[in-house]
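These notes are about the structure you will find just below.
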Amino acid sequence: MKIATFNINGINRRFGNLMAWLADAAPDVVCLQETKATDRQFPATALADAGYGAVWRGESGWNGVAILARGAEPILTREELPGNPDDGQARYIEAAVNGVLIACLYAPNGNPRPGPKFDYKMAWTGRLLAHAGELWATDLPVVLAGDYNIVPEPRDIYQTTSYRDNALVQPESRALFARLLAQGWTDALRARHPDETVYTFWDYMRNRWPRNAGLRLDHLLLSRELARKLKAAEVDREVRGREGASDHAPAWIELKV
DNA sequence: ATGACTGGTTGGACCAGA
């Protein structure tokens, strides 16, 4: 079973890129972030024509998340992160596919810092930590996949000082990610590549892709049982180099299921 | 500190991303 996460940065603007990658990679499950489409604008019919069932939650202009399943209909279990009924941003969706609980998340960026956006990042990611703790306690097979907007360690970003004050690399941000791992979750990409540099995002600006000036922001965290079944974890880097690409590349895992 | 890239919402600069 192959499960991917991909910050698509506009599903309709980049529908051709998405279709080409789906045809090549043939993932069983795809977590999408930044669909930037309202629920009505979501291209459910075209995805169904390509063989993918979907659940989605969008809003106008920004954010938006979706879970696709090849030859199946995901069974929706949640469409918001618990803990704040006043938070209307479309950043979380959760569904069961083939016996695996898939959590698709798009954590807030948090810039500029300090300020209300950074406070929101901390609060939202804190709510994620709480929910992840509850999921861990169920002992279900769970994948927490998405754009966490956190660079876990210094080696997960290219050599630079330009991100020094950025929300993505702050000790408070990294501490939240570390607390997730401390619950027991396995960071699949790092587990399969303990000594390699792995990036999933390259800014559009300043030739960051040709220079390989990247960051690792997209993560797949695995529950205990699924970690034992992990066969492979990779980033489809070449997708970032295509015409009209998102600024993120897809990351995926292969499970023995 | 600023600018540089891209998408979306608009009807034009502006917000947001990271």
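The analysis underlying the following values was restricted to heavy atoms, covering all of them including side chains, and did not include hydrogens, waters or symmetry mates. Chain identifiers are assigned alphabetically (A, B, ...) following the order of the sequence lines, protein sequences preceding nucleic acid strands; residue numbering begins at 1 within each chain.
- Checking the phosphate oxygens (OP1, OP2) of B:dG3, no side-chain nitrogen or oxygen of A:Arg206 falls inside 4.0 Å.
- Rounded to whole Å, the P atom of B:dA1 lies 28 Å from the corresponding atom of B:dA13.
- Taking atom CZ of A:Arg113 as the reference point, atom P of B:dA16 lies 19 Å away to the nearest angstrom.
- Atom CZ of A:Arg13 and atom P of B:dG17 are 19 Å apart (whole Å).
- Taking the P atom of each, B:dT2 and B:dT6 are spaced 23 Å apart, rounded to whole Å.
- Shown here are the side chain to side chain donor-acceptor pair (under 3.5 Å) partners of A:Gln41, two or more places apart in sequence or in another chain: A:Thr38.
- Residue A:Asn12 is classed as having no contact, given no heavy-atom separation below 4.0 Å to the nucleic acid.
- The side chain to side chain contact (heavy atoms under 4.5 Å, CB included) test applied to A:Ser162 returns A:Tyr158, A:Thr160, A:Arg208, not counting sequence neighbours.
- Atom C1' of nucleotide B:dG17 and atom NE2 of A:His248 are separated by 8 Å, given to the nearest angstrom.
- For the pair A:Asp203 CG and B:dA16 P, the interatomic distance rounds to 17 Å; values are reported in whole Å.
- At the heavy-atom level, A:Asp247 lies nowhere under 4.0 Å from the strands shown.
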Run the side-chain donor-acceptor check on residues 132-144 of chain A: report pairs under 3.5 Å with partners two or more places apart or on a different chain.
| unit_1 | atom_1 | unit_2 | atom_2 | d |
| --- | --- | --- | --- | --- |
| A:Trp136 | NE1 | A:Gln183 | O | 3.4 |
| A:Thr138 | OG1 | A:Leu135 | O | 2.6 |
| A:Thr138 | OG1 | A:Leu140 | N | 3.2 |

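- Just one residue in the list A:Leu168, A:Leu105, A:Thr5 forms a side-chain contact (heavy atoms from CB on, under 4.5 Å) with A:Tyr148, and that residue is A:Leu105.
- Residues A:Arg240 and A:Asp247 are not paired through a salt bridge, judged by the lack of any N-O separation under 4.0 Å between the basic side chain and the carboxylate.
- Checking the phosphate oxygens (OP1, OP2) of B:dT9, a side-chain nitrogen or oxygen of A:Ser60 falls inside 4.0 Å.
- Ring geometry, A:Phe177 versus A:His219: the interplanar angle falls from 30° to 60°, so the pair is classed tilted.
- Summarising the geometry, the separation between OH on A:Tyr204 and P on B:dA16 is reported as 18 Å, rounded to the nearest angstrom.
- One can place CH2 of A:Trp209 at 20 Å from C1' of B:dA4, the figure rounded to the nearest angstrom.
- Cluster note: A:Ile75 groups with no other residue, as no ILVMFWY side-chain heavy atom lies under 4.5 Å from it.
- One interatomic measurement links the two molecules: CG of A:Leu215 to C1' of B:dG17, which rounds to 13 Å at whole-angstrom precision.
- Along DNA chain B, the nucleotide closest to A:Asn9 and the one closest to A:Trp62 are compared, and the more 5′ of them pairs with A:Asn9.
- Checking B:dC5, B:dT9, B:dT6 against the side-chain heavy atoms of A:Gln41 singles out B:dT9 as nearest.
- The salt bridge (charged side-chain N to carboxylate O under 4.0 Å, His left out) contacts involving residues 68-78 of chain A comprise A:Asp28-A:Arg70, where partners must be two or more places apart or lie in separate chains.
- Comparing A:Thr38 and A:Pro112 by the nucleotide of DNA chain B whose heavy atom lies nearest to each, the residue mapping closer to the 5' end is A:Thr38.
- Interface residues of residues 116-125 of chain A facing DNA chain B, ordered by number: A:Lys117; criterion, heavy-atom separation under 4.0 Å.
- If you check every strand for non-hydrogen atoms under 4.0 Å, A:Arg208 touches nothing.
- A:Tyr106 comes within 4.0 angstrom of sugar-phosphate atoms only, judged by non-hydrogen atoms across all strands, and of no base.
- The CG-C1' distance, from A:Asn63 to B:dG7, rounds to 13 Å in whole Å.
- Residue contacts shown for A:Arg164 are absent, as no nucleic acid heavy atom lies under 4.0 Å away.
- Remark: the separation of the P atoms in B:dG8 and B:dA4 is 22 Å, to the nearest Å.
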